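Written below as structure tokens is the structure these notes are about.
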There are 2 protein chains.
Amino acid sequence: MTVTMNDIAKRVRVSRATVSYVLSGRDDASISEATKRQVRAAAQEMGYRPNRMARALIKGRTQMIELLVHDFHPAFYSYMIHTVRKVIEQSEYHLNVAQVTAETSPLEASYWPVDGVLAFDCAAFVDKLPDSVVESVPIVSFGASYSTRVDHVGVDLAVGARAVLRHLIGIGRRRIAYLVAECDCQAGNARYDAYINCLKDAGFEPLFVNFNEDRTAYQRKAAREAVLERFSSPSGIDALFCFSDELAIGAHMALRQLGVSIPGDVALTGFDGIDDLECVDPPITAIAQPYEALAEIAWTFLNKRLENKDLPRQSTVLTPELVIRGSTSLASG
Amino acid sequence: MTVTMNDIAKRVRVSRATVSYVLSGRDDASISEATKRQVRAAAQEMGYRPNRMARALIKGRTQMIELLVHDFHPAFYSYMIHTVRKVIEQSEYHLNVAQVTAETSPLEASYWPVDGVLAFDCAAFVDKLPDSVVESVPIVSFGASYSTRVDHVGVDLAVGARAVLRHLIGIGRRRIAYLVAECDCQAGNARYDAYINCLKDAGFEPLFVNFNEDRTAYQRKAAREAVLERFSSPSGIDALFCFSDELAIGAHMALRQLGVSIPGDVALTGFDGIDDLECVDPPITAIAQPYEALAEIAWTFLNKRLENKDLPRQSTVLTPELVIRGSTSLASG
DNA sequence: ATGAAAGCGCTAACAG
DNA sequence: CTGTTAGCGCTTTCAT
């Protein structure tokens with residue numbers, strides 16, 4: 001049925017080993033050009049496809065890297081996947097994107113034996129992994145939610161959140177509301193804590209625009225509806241500090257629809273830095289996650305670990321950048 | 001280093017076979033409860049993780065299904081991935097999402113041995129696959145661009161395009177422009193042909209708003225800029241028939257920014273049915289791809305094929321649905 | 001109720 | 001220059 005090296009060997013009347021040498025292009029065993037040509041021709045003709053499982057079994061390496069994400073859908077995730085892909089593409093490894101959910105059993109997530117794991121924004125998942133797993137496969141945890149149990153490249157969201165809030169306060173906003181899903185609105189969350197503290201320091205009162213929608217759902221719509229409702233009667237809010245870009249876009253749509261001026265009546269900020277921010281009018285000020293740097297450093301760390309298991313823990317924490325756009329600056333808004 | 005069945009067998013002082021029986025939970029060999037308990041306890045303690053490659057090698061099945069897509073990023077793709085994932089999640093198979101690009105060598109794409117392939121919107125890729133591949137692994141081609149060389153579930157975009165155009169003509173539009181990337185603007189493309197023919201039949205002149213941006217790039221922005229430029233001087237266009245939802249959203253942003261009334265001055269239609277369409281004001285009329293049906297039928301076909309290689313060719317073509325929203329209807333717009 | 005042994009397709013010493 | 005051989009970790013008859 002499927003063509004194996006044996007079949008080729010029989011056809012060309014050489015040994016399996018010879019076929020293996022030729023097909024894996026090694027030159028440490030010297031094989032006559034004629035034999036090589038014959039073997040390659042036979043492989044081509046017979047439609048030989050190497051059985052990677054067999055190769056992996058013996059080599060102990062699969063050449064596969066697994067990227068773990070929560071979801072594929074929101075632009076923030078899909079853009080990160082996209083970025084990681086571009087980085088790995090240049091290497092000799094292949095990328096497999098897998099999703100971890102609350103229900104995913106930690107052992108099942110990396111169902112397939114991979115040489116290394118890049119875990120994006122899932123500290124909790126990495127923290128729960130059994131020791132046996134952490135010891136047997138190199139893992140790099142990266143993103144805003146990173147585990148210090150393994151190599152990691154983090155993003156300090158608290159710094160970013162404070163920068164946004166100080167910016168809003170700096171342009172004279174006094175009634176800054178936090179637009180956030182209920183599930184992300186609690187002490188311990190970096191953005192929540194930064195919000196509470198910054199406002200307390202400035203002497204302002206915290207305000208919330210909440211909605212009840214799960215993190216992996218389509219939050220843009222939920223945010224839009226929450227903002228539509230809240231602003232349909234006088235809200236007294238002059239700025240919306242949004243948990244994510246998705247929410248900021250939803251808010252933007254709602255405010256425009258209600259005829260609320262941005263940033264005249266309400267300033268608006270996002271968080272992550274997806275492309276859509278620049279595509280609305282006015283474009284939205286936001287903290288930009290360092291996508292490329294995250295992906296590149298994570299991959300560098302993983303590569304080093306792949307080469308040397310005994311390296312000391314590698315780690316770095318990046319600071320996201322505040323990108324000021326029309327939604328918070330009258331000049332261009 | 002890594003714990004194998006042999007290690008467990010030695011520890012518990014039974015044979016490798018016994019361990020295998022216990023761990024794969026088979027009851028055809030009867031093993032004493034005591035032994036079973038010991039084996040399981042040892043496996044747990046020693047952090048045993050089955051080597052799936054070895055299992056796959058012997059069983060000839062990997063339990064992996066590969067989903068082939070062009071890209072992860074635009075919402076259309078990520079939503080399809082999301083949908084397929086939800087469908088496969090319920091089965092005993094695992095999903096691996098891989099990307100095929102123009103440069104992907106057909107043999108490399110499915111790098112890893114999988115039991116089956118779901119190829120989304122990549123007829124050209126499937127058509128170019130060598131016979132040996134098509135014969136050795138079940139493939140279902142699905143989406144608007146499907147290959148009839150294998151089992152397929154298609155979407156008839158021409159029908160959808162005609163429905164949209166007839167709708168635009170029906171609401172009295174006479175100068176309907178086609179917003180499309182240059183690379184998709186040529187005879188042979190279902191939407192292009194439908195556009196040309198529908199307009200000819202109605203006695204209208206074709207009009208184009210083109211931009212030069214590659215299919216996998218961020219087209220929303222490119223479309224927005226193209227529309228901004230075209231409409232900054234009188235365009236004489238009273239409807240935009242957009243190649244995709246991404247373009248329609250970009251056009252929407254541009255028109256709103258220019259103060260052009262939708263649909264008063266210009267009616268607008270999308271194509272695919274992503275969530276964002278409903279999140280703008282006015283929401284955008286579009287052809288909705290039957291995501292769920294596509295994913296479910298494709299998976300059903302693949303499953304049947306997995307069970308029986310010799311089944312006759314399975315195929316179906318779905319008709320997408322026209323969803324009328326505010327961007328083409330004055331009542332709600 | 002358990003073990004011995006063969007082998008999935010491939011690689012890599014080591015002989016010849 | 002090429003063939004022999006011994007596994008990689010696991011499943012599965014077939015004996016015991």
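The sequence lines fix the lettering, A, B, ..., with proteins before strands; numbering per chain opens at 1. The model shown is predicted, which means the values in this text are computed figures rather than measured ones.
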**Request:** Specify the residue among A/Leu57 and B/Val14 whose closest nucleotide of DNA chain C lies further upstream toward the 5′ end.
**Result:**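 Closer to the 5' end of DNA chain C: B/Val14.
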**Item:** Upstream residue (5' side of DNA chain C) when B/Lys59 and B/Thr35 are each assigned their closest nucleotide
**Value:**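 The residue whose closest nucleotide sits nearer the 5' end is B/Thr35.
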**Request:** Kindly write out the residues that satisfy salt bridge (charged side-chain N to carboxylate O under 4.0 Å, His left out) with B/Arg149, not counting sequence neighbours, or none if the list is empty.
**Result:**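 In terms of salt bridge (charged side-chain N to carboxylate O under 4.0 Å, His left out), with neighbours along the sequence ignored, B/Arg149 is linked to B/Asp131.
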**Asked** Who passes salt bridge (charged side-chain N to carboxylate O under 4.0 Å, His left out) against B/Asp121, sequence neighbours left out?
**Response**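 Applying salt bridge (charged side-chain N to carboxylate O under 4.0 Å, His left out) to B/Asp121 gives none.
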Just the rounded figure in Å: distance from [atom2] of [N] to [atom1] of [X].
X: B/Lys10; N: D/dG9; atom1: NZ; atom2: C1'; value: 13 Å
X: B/Arg61; N: C/dG9; atom1: CZ; atom2: C1'; value: 19 Å
X: B/Arg55; N: C/dG7; atom1: CZ; atom2: C1'; value: 17 Å
X: B/Lys36; N: C/dA1; atom1: NZ; atom2: P; value: 10 Å
X: A/Asn6; N: C/dT11; atom1: CG; atom2: C1'; value: 13 Å
X: A/Asn51; N: C/dC8; atom1: CG; atom2: C1'; value: 8 Å
X: B/Asp7; N: D/dC8; atom1: CG; atom2: P; value: 11 Å
X: B/Ile8; N: C/dG3; atom1: CD1; atom2: C1'; value: 17 Å

**Steps toward ring pair (Phe, Tyr, Trp, His ring centres under 6.0 Å) verdict (A/Phe76, A/Phe120)** = CA-CA 11 Å; A/Phe76 173 55; A/Phe120 180 60; 5.7 Å; yes
**Message:** If only side-chain N and O atoms count, and only distance matters, is there a donor-acceptor pair under 3.5 Å linking B/Arg61 with B/Tyr93?
**Reply:**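 Side-chain D/A pair, B/Tyr93 to B/Arg61: present.
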Please determine whether a side-chain nitrogen or oxygen atom of [X] lies at a distance below 4.0 Å from atom OP1 or OP2 of [N].
X: B/Ser15; N: C/dT2; answer: no
X: B/Tyr48; N: D/dC10; answer: yes
X: B/Ser32; N: C/dA1; answer: no
X: B/Thr18; N: C/dG3; answer: yes

Atom pairs and distances, side-chain donor-acceptor, residues 292-299 of chain B, under 3.5 Å, sequence neighbours left out:
unit_1	atom_1	unit_2	atom_2	d
B/Glu292	OE2	B/Tyr79	OH	3.4

**Request:** Please list, chain by chain and in numerical order, all residues satisfying side-chain hydrogen bond (donor to acceptor under 3.5 Å, both in side chains) with B/Ser78, sequence neighbours excluded.
**Result:**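 If we apply the side-chain hydrogen bond (donor to acceptor under 3.5 Å, both in side chains) test to B/Ser78, skipping adjacent residues, the hits are A/His73.
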**Message:** Which residues pass the side-chain hydrogen bond (donor to acceptor under 3.5 Å, both in side chains) test with B/Ser315, not counting sequence neighbours?
**Reply:**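 Partners of B/Ser315 by the side-chain hydrogen bond (donor to acceptor under 3.5 Å, both in side chains) criterion come out as none, since no residue qualifies.
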**Asked** NA contact type, B/Thr4, heavy-atom cut-off 4.0 Å: base, sugar-phosphate, or nothing?
**Response**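 Counting heavy atoms under 4.0 Å across all strands, the contact made by B/Thr4 is with sugar-phosphate only.
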All N/O contacts under 3.5 Å from nucleotides 5-7 of chain D to the protein, with atom names and distances to one decimal?
unit_1	atom_1	unit_2	atom_2	d
D/dA6	N6	A/Arg16	NH2	3.3

**Asked** Hey, which of these two, B/Pro50 or A/Arg13, hits DNA chain D nearer its 5' end, going by closest nucleotide?
**Response**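 So the residue in question is A/Arg13.
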**Message:** Can you tell me which nucleotide in D/dG3, D/dT11, D/dC14 comes closest to the side chain of B/Met5?
**Reply:**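 So the side chain of B/Met5 is nearest to D/dT11.
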